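Let me begin by presenting the structure, written as structure tokens, before commenting on it.
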Amino acid sequence: MTATACFPMSHKETGSMNETSHAPAIEITGMSKWFGSFQVLDKIDFAVNPGERIVVCGPSGSGKSTMIRCINGLETFQDGRITVHGQELTQKTRALDSVRKSVGMVFQQFNLFPHLTVLENCTLAQRWVHKVPRTVAEGIAMEQLKKVRIPEQAHKYPRRLSGGQQQRVAIARSLCLRPRVMLFDEPTSSLDPEMVREVLETMADLAREGMTIICVTHEMGFARSIADRIVFMDQGRIIEEAPPAEFFDTPRQARTQKFLEQVVR
Amino acid sequence: MITSSLVPKMVNFLIDYLTSGWGLQFLSAIGTSLMVAALGFISCIVIGILCTLFARSGFRGSVALVNLYTYVFRSLPDILLLILIFYTLDGAIQALLNLVPGMSDMRLSAYVPAVMSTSIVLGAYATELFRAGWADIPLGQHEAGRSLGFSPFQTLVLIILPQVYRKIIPHLGSLCLISMKETALLSIIGIPDIVRTASLGARSTGSPFVFYGIAIAIFVTFAILCSRIFAHLERSARQNRAGA
Amino acid sequence: MSLLLDYAREILQGLGTTLSLFVISLAIGFVLASAVAAFQIRFPGIMARSVWSLMFCIRGVPLLLILYVVYYGFPLLSFIRESFLWSLFASPYWCAIICLAFVEMAFTSEIIRGAYNQTPKEQVEAAKSLGLSGFQTFRVAILPAMLRNGFPPYTTEVILLCKSTALAFTITVMDIMGYANEIRARTLDIYHPLLIAGGIYICIVVFTRLILSTLFNLVAVGGTEAEDRA
Ligand SMILES: Nc1ncnc2c1ncn2[C@@H]1O[C@H](COP(=O)(O)OP(=O)(O)OP(=O)(O)O)[C@@H](O)[C@H]1O
Ligand SMILES: [Mg+2]
């Protein structure tokens, strides 16, 4: 599938617009992580500028999920440091809270709260964490639901929605908190093929608006058209980091070439 | 060595204790309780399987009947049922026997109502258990069995029951434990089970905590053994599946 | 017929006792169980394991035996006889409540713990990633899942407790079973009093189930199987 055609892009322009701000949105230096004696991440060094779109790919078990889960504190790490908008991420509750307020996350399994309606899912954190009054929160939620093109589902329970719709609600739920960075962990891998596109389009909309995005995905067409940079990981290390054209056409590392042969075919 | 001299002393003490009056009483009480528990456990499983088969047989009203059975006997206090059976069964059987000349004086052992009420009550739980386990088994399994040329009975024993068994092993463990605990009720109808022996001893010797302590220890030991055994059964069932 | 009505009237004198035994021990048992389960969840390791083992042992001992120990054994302990506890343990009614609540604690704490352990990890992560605090996460991600997973076994447990209250008559509490048994002993009429008592117990269970399922539908709106099928 030539996904480039699906996502007519103007990202080169929006990208350059944001390059004016100097401090990186996210900066990871020398981060290592072990699960017991097994080293999952090995001295990750990596920075993301505001407005940049990063796609992370790599074979299964290479530590992609673990890395982006570290960025909003769902996993702890043993060595190195992560700063988000200049603030260092520690396990202190206050630091975690303020980082999480500016970083949204979307999971592979949607993880909507099943006992709350779509609208309630979207207003919950606004009202509880940011103390936004209910009516205001609902207004913001409806606005975001419109943006992901499902305002008519607002009063349904998540189980009544298709997978693609649920994932778009999950995106809207994060957007309601006005995050400055969005993390996606394989947002389309548990979707039926026909629903992948609607979610990718939603993400492309976000990219067009200049949101800083880090996305783990195996959708290479999407990566090619959206990403500013593609990061390739293997065995807990960043092996290669390049703009899409360079990454796909002239990969430098042998492992990257092998991976691309398997994925793109 | 301290231990080497201590161990024989302990053993001697234990043997002395066990062969003196109360020890023997406790041993026979354990036997009684275990026997009733085992009979109750086995028959409740038989009841569970039969009721499940009946409920799935498709006879008109069979489901409603089985539902009624499980609902009533999961709601009725066990002790009420036991007393009811204990006081009426004897009379009913006497009345029946009186019809046959020359067999007028046969007393029924108190164990019969005990086992009966345990099986009826636990049978209701077992039925629910088997029905839930059965419901999870895809219909295709049954059809596959039949299509391989097995008789319905062979399909049941060789294909369906082993699968149900794997699903419900942990629950069977708690059922087994409950059937042991149910035997405590026997003391109310005068059968010398563990609880009765303990309370007799407590009353007659004036050191109740020793006797109640022994009874509690017996039950706790049984609970531990039971959980070990069923954990082992569960593990080996899982390994068998992995091997298959 | 009028005889049956007389029986029923006499047996129903025990209704209040049975219901209060049931409800009070259920409430105390639930509070204790929550505390025990919370302790096990909060302090994992050796502490949690020893508490778990204690609860396991309690679950293995028949209620009748515990009733006997408390009712016949405790009064022999001088520190109980000489303290305010005596007023508690001298009353068979309170002994029964204490024992029922104690056993209920052991069973319910395991149900709560099991329900907690079944909570999907992803739900908790979603809540955290939205920046919810610990308590908010508990409220929105853990508690609903615990209710969903814990309600069916808890219903079974509540019914079992209801049945167990009938054992209180063995330590001279005059509940429904106590009156029925007394009539049986006095009149040598076995069927009628016991069947009437059985009918009353079944009614109590029917109502209990009704109340529980109503409660469940109230607290667990949406996302449940029932709602999905509708
Ligand atoms: N909680 C955990 N405990 C122990 N090991 C873990 C844990 N979580 C992940 N791992 C291991 O860490 C490694 C990296 O896992 P991770 O989920 O980050 O991989 P991934 O690149 O996201 O793979 P996938 O494409 O399959 O999602 C894997 O080998 C995995 O087995
Ligand atoms: Mg992953």
Side-chain angles (χ1 to χ4, degrees), chain B residues 33 68 71-92 121 125 128 132 174 177-178 180-188 193-196 198-199 202-203 206-227, chain C residues 18 53-54 56-77 103 107 110 152 156 159-160 162-170 175-177 180-181 184-185 188-209:
Chain B
S33 291
L68 185 71
Y71 199 101
V72 167
F73 288 101
R74 286 186 309 151
S75 311
L76 214 58
D78 324 358
I79 181 62
L80 194 150
L81 185 68
L82 178 64
I83 292 184
L84 192 66
I85 295 182
F86 177 67
Y87 285 109
T88 56
L89 188 69
D90 214 30
V121 171
Y125 288 102
E128 288 288 293
S174 53
L177 182 59
I178 295 176
M180 182 64 179
K181 284 167 62 181
E182 284 284 307
T183 63
L185 300 186
L186 305 190
S187 61
I188 294 173
D193 74 327
I194 298 168
V195 175
R196 191 175 169 82
S199 44
R203 225 168 296 158
S207 53
F209 289 102
V210 175
F211 284 88
Y212 287 133
I214 293 174
I216 289 175
I218 294 171
F219 279 107
V220 168
T221 311
F222 183 85
I224 294 172
L225 282 180
C226 193
S227 88
Chain C
T18 291
S53 308
L54 180 65
F56 176 86
C57 294
I58 298 173
R59 288 199 298 274
V61 179
L63 175 65
L64 190 66
L65 187 52
I66 299 180
L67 278 172
Y68 284 173
V69 173
V70 171
Y71 186 64
Y72 296 115
F74 277 20
L76 300 176
L77 296 171
V103 171
F107 279 95
E110 190 59 10
T156 310
I159 305 294
L160 275 175
C162 178
K163 294 170 62 170
S164 307
T165 59
L167 280 180
F169 92 97
T170 58
D175 62 346
I176 290 174
M177 189 63 208
N181 197 47
R184 177 196 62 74
L188 299 182
D189 179 356
I190 296 155
Y191 286 109
H192 296 126
L194 286 177
L195 287 181
I196 290 172
I200 298 174
Y201 277 110
I202 290 177
C203 288
I204 296 177
V205 169
V206 169
F207 273 109
T208 309
R209 279 185 190 275

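Note that this is a predicted model, so its numbers are computed, not measured. FYI, side chains are in, hydrogens and waters are out, and symmetry mates aren't considered; it's all heavy atoms of this structure. The sequence lines fix the lettering, A, B, ..., with proteins before strands; numbering per chain opens at 1.
Rounding to the nearest 0.5 Å gives a distance of 12.5 Å between CZ of F86(B) and CG of L194(C). Interatomic distance, OG of S199(B) versus CG of L67(C), reported as 12.0 Å (0.5 Å rounding). To the nearest 0.5 Å, the span separating OH on Y87(B) from OH on Y191(C) amounts to 14.0 Å. With rounding to the nearest 0.5 angstrom, the CG atom of L76(B) is 11.5 Å from the CD1 atom of I200(C). If you take CD1 on I159(C) and OH on Y71(B), they are separated by 6.5 Å, rounding to the nearest 0.5 Å. Atom CD1 in I83(B) sits 3.5 Å away from atom CE in M177(C) (nearest 0.5 Å).
For the options A180(C), S53(C), C57(C), heavy-atom pairs under 4.5 Å to chain B are most numerous at C57(C). Most heavy-atom pairs under 4.5 Å with chain C: of the set V195(B), L80(B), I178(B), T88(B), this distinction falls to L80(B). Contact count versus chain C (heavy atoms, under 4.5 Å) is highest, among I218(B), D78(B), I194(B), L84(B), for L84(B). Contact count against chain B (heavy-atom pairs under 4.5 Å) is highest for G198(C) among C162(C), S164(C), G198(C). Interface check for chain B: of the options R59(C), R209(C), R184(C), the most heavy-atom pairs under 4.5 Å are formed by R184(C). In terms of heavy-atom pairs under 4.5 Å with chain B, the best-connected choice from L188(C), I66(C), L77(C), I58(C) is L77(C).
Residue T183(B): no heavy atom, backbone or side chain, is found under 4.5 Å from chain C. With a 4.5 Å cut-off on non-hydrogen atoms, R203(B) does not touch chain C at all. Looking at I216(B), both its backbone and its side chain come within 4.5 Å of chain C, counting heavy atoms on both sides. For S174(B), no part lies near chain C; criterion is any non-hydrogen pair under 4.5 Å. Interface remark: F222(B) contributes no atoms to any contact with chain C (heavy atom separation under 4.5 Å).
Between S75(B) and Y201(C), the closest heavy-atom pair is O-CB, 4.4 Å. Nearest approach of F169(C) to I79(B), heavy atoms of both residues: CE2-CG1, 3.7 Å. Closest heavy-atom contact between F209(B) and F74(C): CZ-N, 4.0 Å. Minimum heavy-atom separation, G60(C) to A223(B): CA-CB, 4.0 Å. Across every non-hydrogen atom of L64(C) and A184(B), the tightest pair is CD2-O, 3.3 Å.
The backbone N or O of L63(C) lies less than 3.5 Å from no partner atom in the side chain of K181(B), so there is not a single donor-acceptor pair.
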Step-by-step side-chain contact (heavy atoms from CB on, under 4.5 Å) determination, K163(C) to V121(B): CA-CA 12 Å; K163(C) 294 170 62 170; V121(B) 171; 4.0 Å; yes
Working for side-chain contact (heavy atoms from CB on, under 4.5 Å), residues I224(B) and F56(C): CA-CA 9 Å; I224(B) 294 172; F56(C) 176 86; 3.7 Å; yes
